[in-house]
Amino acid sequence: MDRKPNLAVVGATGLVGSTFLKVLEERDFPFESLYLMASKKSAGAVLRFRGKDYIVEELTESSFDKPIDIALFSAGGSASQIYAPIAASKGVVVVDNSSAWRMDPTVPLVVPEVNPDAISWNKGIIANPNCSTIQAVVALKPLHDKYGIRRIVYSTYQAVSGSGVKGIEDLRQGLAGNDINIAYPHPIAGNCIPQIDVFLENGYTKEEMKMILETRKILEDDSLKITATTVRVPVFASHSESINVEFERPFVLEELKELLAAAPGCVLQDDPANSIYPLARTAAGKDEVFIGRVRRDESVENGINLWVVADNIRKGAATNAVQIAELLL
Ligand code: L14
């Protein structure tokens with residue numbers, strides 16, 4: 001683009017939406033005009049951005065009649081289902097944070113450190129992957145390129161911020177002794193809930209199947225064997241993941257660690273003797289993917305275990321979407 005784009009943020013008042021604004025501001029994202037949109041119930045709110053007040057407009061079918069170039073969407077799957085195609089038909093490039101379009105074969109699913117070239121075949125919608133998938137593939141991409149992944153076992157420990165303000169409220173109230181469960185099927189304080197999103201016919205949750213299918217799409221390898229268990233834990237921010245990987249080819253552990261330390265978007269925190277490894281609280285508010293506990297899986301020929309942590313609202317959602325938008329400039 002040879003000029004500054006006109007930008008829209010759709011779902012601007014939500015947890016991810018407000019983080020879009022924070023990240024755009026921090027990264028000094030260039031734009032000519034900025035439009036903030038949300039559902040009827042949030043319309044009229046006033047949000048401050050770079051010292052200027054913006055009134056949140058109601059999202060409607062005519063919202064994209066204005067000359068908007070790029071729209072960052074985080075307004076939920078059903079709003080994306082309806083409004084992303086309308087925007088795209090009017091020449092907008094939508095970067096959509098919902099799960100609505102991710103597995104559509106005509107929609108690229110992009111993590112800038114992993115498959116930036118996929119944006120070239122977009123037809124007006126680019127999907128931002130699931131938070132748990134993003135941090136996993138940032139860590140796995142350099143390993144897949146070098147050693148060839150054969151099988152992955154994901155086990156996740158996911159923060160309540162993934163459910164937005166109501167998840168945070170369930171944990172906050174629960175810690176204060178008020179055992180509510182509005183966001184989840186059970187109280188989250190003092191619990192680990194092995195259910196994120198709805199159950200499917202095969203006994204997996206939708207979150208687990210998202211991790212499996214999205215990883216294959218982003219790494220462009222449908223033959224990858226993957227299984228997953230996703231769990232909600234009483235943590236406010238950052239998803240943690242235990243990732244077990246089996247490779248086609250042998251590796252030298254020290255070289256594999258060096259590869260991770262040098263990989264884009266990755267920070268190696270691996271000094272077990274000093275109790276140094278990634279932690280949810282240190283990853284919160286950051287944009288990198290933190291990797292540690294790197295060790296051989298001694299039960300197979302060429303396997304490792306990793307502990308991978310990232311801020312699910314930043315790298316897992318807002319930052320990744322803004323990075324995609326930067327590729328469009
Ligand atoms: O697919 O931690 O984008 O609750 C984002 C939040 C999946 C669940 C998605 C969470 C959702 C996730």
Side-chain angles (χ1 to χ4, degrees), residues 10-11 14-20 72-81 84 94-104 107-111 125-138 154-172 174 181-188 191-200 204-218 226 228-242 280 283-284 289 308-324:
V10 179
L15 192 58
V16 174
S18 58
T19 311
F20 277 153
L72 302 177
F73 268 60
S74 188
S78 28
S80 291
Q81 202 84 53
V94 173
V95 182
D96 181 42
N97 188 53
S98 81
S99 61
W101 299 98
R102 291 178 187 149
M103 294 314 298
D104 185 313
V107 172
L109 182 64
V110 178
V111 178
I125 304 176
I126 300 170
N128 205 44
N130 170 268
C131 37
S132 300
T133 309
I134 292 176
Q135 66 185 72
V137 296
V138 167
Y154 288 133
S155 308
T156 72
Y157 306 68
Q158 299 187 212
V160 296
S161 59
S163 323
V165 284
K166 63 181 192 309
I168 294 172
E169 197 50 24
D170 267 19
L171 179 55
R172 208 181 58 80
N181 60 307
I182 291 166
Y184 307 115
H186 305 280
I188 185 62
N191 245 346
C192 295
I193 306 176
Q195 175 184 357
I196 296 179
D197 211 332
V198 295
F199 279 102
L200 304 172
Y204 282 70
T205 60
K206 206 170 156 195
E207 181 76 352
E208 289 159 351
M209 290 312 296
K210 283 185 268 191
M211 287 193 80
I212 294 169
L213 300 172
E214 293 178 23
T215 297
R216 291 192 186 126
K217 180 167 174 176
I218 298 163
I226 311 174
T229 302
T230 61
V231 180
R232 185 79 59 193
V233 296
V235 164
F236 283 107
S238 305
H239 290 351
S240 304
E241 301 178 345
S242 158
V289 173
V308 177
V309 181
D311 187 320
N312 53 306
I313 299 297
R314 291 187 63 103
K315 184 55 186 166
T319 302
N320 197 74
V322 173
Q323 287 176 302
I324 293 172

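Counting starts at 1 for both ligands and their atoms, following the listed order. When a residue number appears, it is its place in the shown sequence, counting from 1. Model, not experiment: these values are computed from the prediction.
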Has ligand 1 got any nitrogen or oxygen that is less than 3.5 angstrom from a nitrogen or oxygen of Asn130? yes
For ligand 1, find out whether one of its N or O atoms is nearer than 3.5 Å to an N or O atom of Ser98. no
Which of the ligand 1 atoms, numbered from 1, are nearer than 4.0 Å to a heavy atom of [X]:
X: Lys210; answer: 1 (O), 7 (C), 9 (C), 11 (C)
X: His239; answer: 2 (O)
X: Gln158; answer: 2 (O), 10 (C)

Is there a salt bridge (Lys or Arg N to Asp or Glu O under 4.0 Å) between Arg172 and Glu169? Walk through the geometry before answering.
CA-CA 5 Å; Arg172 208 181 58 80; Glu169 197 50 24; 3.0 Å; yes
Given the options Leu109, Val94, Ile125, Trp101 meets side-chain contact (heavy atoms from CB on, under 4.5 Å) only with Ile125
Between Glu207 and Lys210, is there a salt bridge with N-O shorter than 4.0 Å?
yes
Mind checking whether Arg102 has a heavy atom under 4.0 Å from ligand 1? yes
Measure the distance from [atom] to every protein heavy atom, then report the residue, atom name and distance (to 0.1 Å) of the closest one.
atom: atom 4 (O) of ligand 1; value: Arg232 NH2, 2.6 Å
atom: atom 6 (C) of ligand 1; value: Gly162 O, 3.2 Å
atom: atom 12 (C) of ligand 1; value: Cys131 SG, 3.8 Å
atom: atom 7 (C) of ligand 1; value: Glu207 OE1, 2.9 Å

Distance-only donor-acceptor check, side chains [X] and [Y], under 3.5 Å:
X: Thr205; Y: Glu208; answer: yes
X: Thr229; Y: Tyr154; answer: no
X: Tyr204; Y: Thr230; answer: no

Please step through salt bridge (Lys or Arg N to Asp or Glu O under 4.0 Å) for the pair Arg102 and Asp96, ending with a clear verdict. CA-CA 9 Å; Arg102 291 178 187 149; Asp96 181 42; over 6 Å; no
